2 protein chains.
Amino acid sequence: MATSTAAQRREQAKRDYDAFLDQCPTRELLSRLTDKWVALVIPALVDGPQRHGQLAQRIAGVSQKMLTQTLRTLERDGLVTRTVTASVPVRVDYELTPLGHELFPVMIAIKNWAETHMDRVFEARTQYDARP
Amino acid sequence: MATSTAAQRREQAKRDYDAFLDQCPTRELLSRLTDKWVALVIPALVDGPQRHGQLAQRIAGVSQKMLTQTLRTLERDGLVTRTVTASVPVRVDYELTPLGHELFPVMIAIKNWAETHMDRVFEARTQYDARP
DNA sequence: CGGTATCCAATGAGATACTG
DNA sequence: CAGTATCTCATTGGATACCG
């Protein structure tokens, strides 16, 4: 029998799941992907493994709690690996998995879109707020 | 003097704004773009104007309040237009602006990613939860 | 250094009822 | 039909202090 290819399975998945539907599990995944810090954490990891402290510096303003929490969720979802090196003090590295690398283009796109179109959004807001 | 092209201005904007920085206004825009219903509303509008009721049907499970609230924010940000036709009962149509159409590819990408990779995320979660 | 635990303020978001 | 107004509850996320 013919085994389905990975591409075929992905096609199948796209038919099975539909985020427009209520109670579809992709709704929950969608809300994970749009979590506050995900669009910054994934791009921050794209150039290779990063330590917790490095990430905290790179992503200015993130609290330790939220960074850890975000990384845990990403780890559970198979997007990031967490590697502990037993030393004193302990060293922890985070790295994108292959699945995480597949998510990267989507996340960098959203980040870039915001940076690129900020001005036009500002203009629109000014006009909207100036309405009678 | 040479006027800068739109492409050049976009390049400039990408240099000026950096969502990795705290207090950068793109942080706020990023959080708007990742609001719960935006990744569903934008794709739902891509094929042309839609009435409030149509959208509510298409995006199963959204409350009227959240739909209106999301559309208002998108309108203020210049991504959607709101057109009222005075009749009885009144008719309201929402439509993507050119800026909204520019955002569409990003939003559909995230929606598609979730639908396409749901299975792999599920597997990862199962493995993670089964750990000692 | 990295992580956990606790507490608490702010926001998000649903349900319901009412208006033009 | 579309929208507003409350009311209420759950979730988010930050600050702080403590542990390995």
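Below, chains carry the letters A, B, ... as their sequence lines are ordered, and counting in each starts from 1. Values below: every heavy atom of this structure, side chains too, minus hydrogens, waters and symmetry copies. Owing to the predicted nature of the structure, the values given are computational and were not obtained by experimental measurement.
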Listing for DNA chain C: consecutive Watson-Crick or G-U pair runs of at least 3, distance cutoff 3.5 Å, ranges ordered by first number, gives C:2-20 with D:1-19
Looking only at heavy atoms, the pair that brings B:Gly61 and A:Asp22 closest together is CA-OD2, 3.6 Å
Notebook entry, point to check: Under 4.0 Å between a side-chain N/O of A:Tyr94 and OP1 or OP2 of C:dG3, yes or no?
Noted result: yes
Taking C:dG20, D:dT12, D:dG14 as options, the one with an atom nearest any side-chain atom of A:Ser63 is D:dG14
Evaluate the side-chain proximity of B:Val84 to B:Arg91: yes if any heavy-atom separation is below 4.5 Å, no if none is. no
Out of C:dG3, D:dG3, D:dA2, minimum distance to the side chain of B:Thr68 belongs to D:dG3
Rounded to whole Å, the NZ-C1' distance (A:Lys65 to C:dG3) equals 13 Å
To the nearest angstrom, the CD-P distance between B:Gln57 and D:dA2 comes to 11 Å
Separation of C:dT11 atom P from A:Asp35 atom CG, nearest Å, is 18 Å
Whole-Å distance, B:Met66 CE to D:dA10 P, equals 17 Å
Exercise. Do the numbers put A:Lys111 on top of the ring of B:Phe20, so that NZ or CZ is under 6.0 Å from the six-membered ring centre and no more than 45° off the axis?
Worked result: yes
Worksheet item: Under a 4.5 Å cut-off applied to non-hydrogen side-chain atoms, are A:Pro25 and A:Glu28 in contact?
Response: no
*Relative to B:Tyr128, does B:Arg131 satisfy both conditions: NZ or CZ under 6.0 angstrom from the six-membered ring centre, and within 45 degrees of the ring's axis?*
yes
Here the distance between atom P of D:dC1 and atom CZ of B:Arg82, to the nearest Å, is 16 Å
Practice problem: Determine whether B:Val41 and B:Leu71 make a side-chain contact, defined as any pair of heavy atoms from C-beta on separated by less than 4.5 Å. | Solution: yes
Inset, instruction - Kindly say whether A:Asp35 contributes a backbone atom to a donor-acceptor pair with the side chain of B:Thr34 at under 3.5 angstrom? - result: no
Check: Using a cut-off of 4.0 Å on non-hydrogen atoms, how would the nucleic acid contact of B:Lys36 be classed: base, sugar-phosphate, or nothing?
Finding: sugar-phosphate
Atom CG of B:Leu55 and atom C1' of D:dG3 are separated, to the nearest Å, by 15 Å
Taking for A:Pro89 and for A:Gly61 the nucleotide of DNA chain D with the nearest heavy atom, the one nearer the 5' end belongs to A:Gly61
B:Leu71 CG to D:dG3 P, in whole Å, measures 8 Å
When rounded to whole Å, the CG to P distance for the pair A:Leu67 and D:dG14 reads 11 Å
Against the side chain of B:Arg72, the closest entry in C:dG2, D:dG3, D:dA2 is D:dG3
Taking for A:Val62 and for A:Val90 the nucleotide of DNA chain D with the nearest heavy atom, the one nearer the 5' end belongs to A:Val62
Looking only at C:dT4, D:dA2, D:dG14, the nucleotide nearest the A:Trp37 side chain is D:dG14
- Heavy atoms under 4.0 Å, any strand shown: does A:Arg51 hit a base, just sugar-phosphate, or nothing? sugar-phosphate
- Task: Assign A:Gln64 to base, sugar-phosphate, or nothing according to its heavy-atom contacts below 4.0 angstrom with the strands shown.
- Result: base
Check your understanding: Just wondering, do A:Thr73 and A:Arg32 contact through their side chains at under 4.5 Å, heavy atoms?
Key -> yes
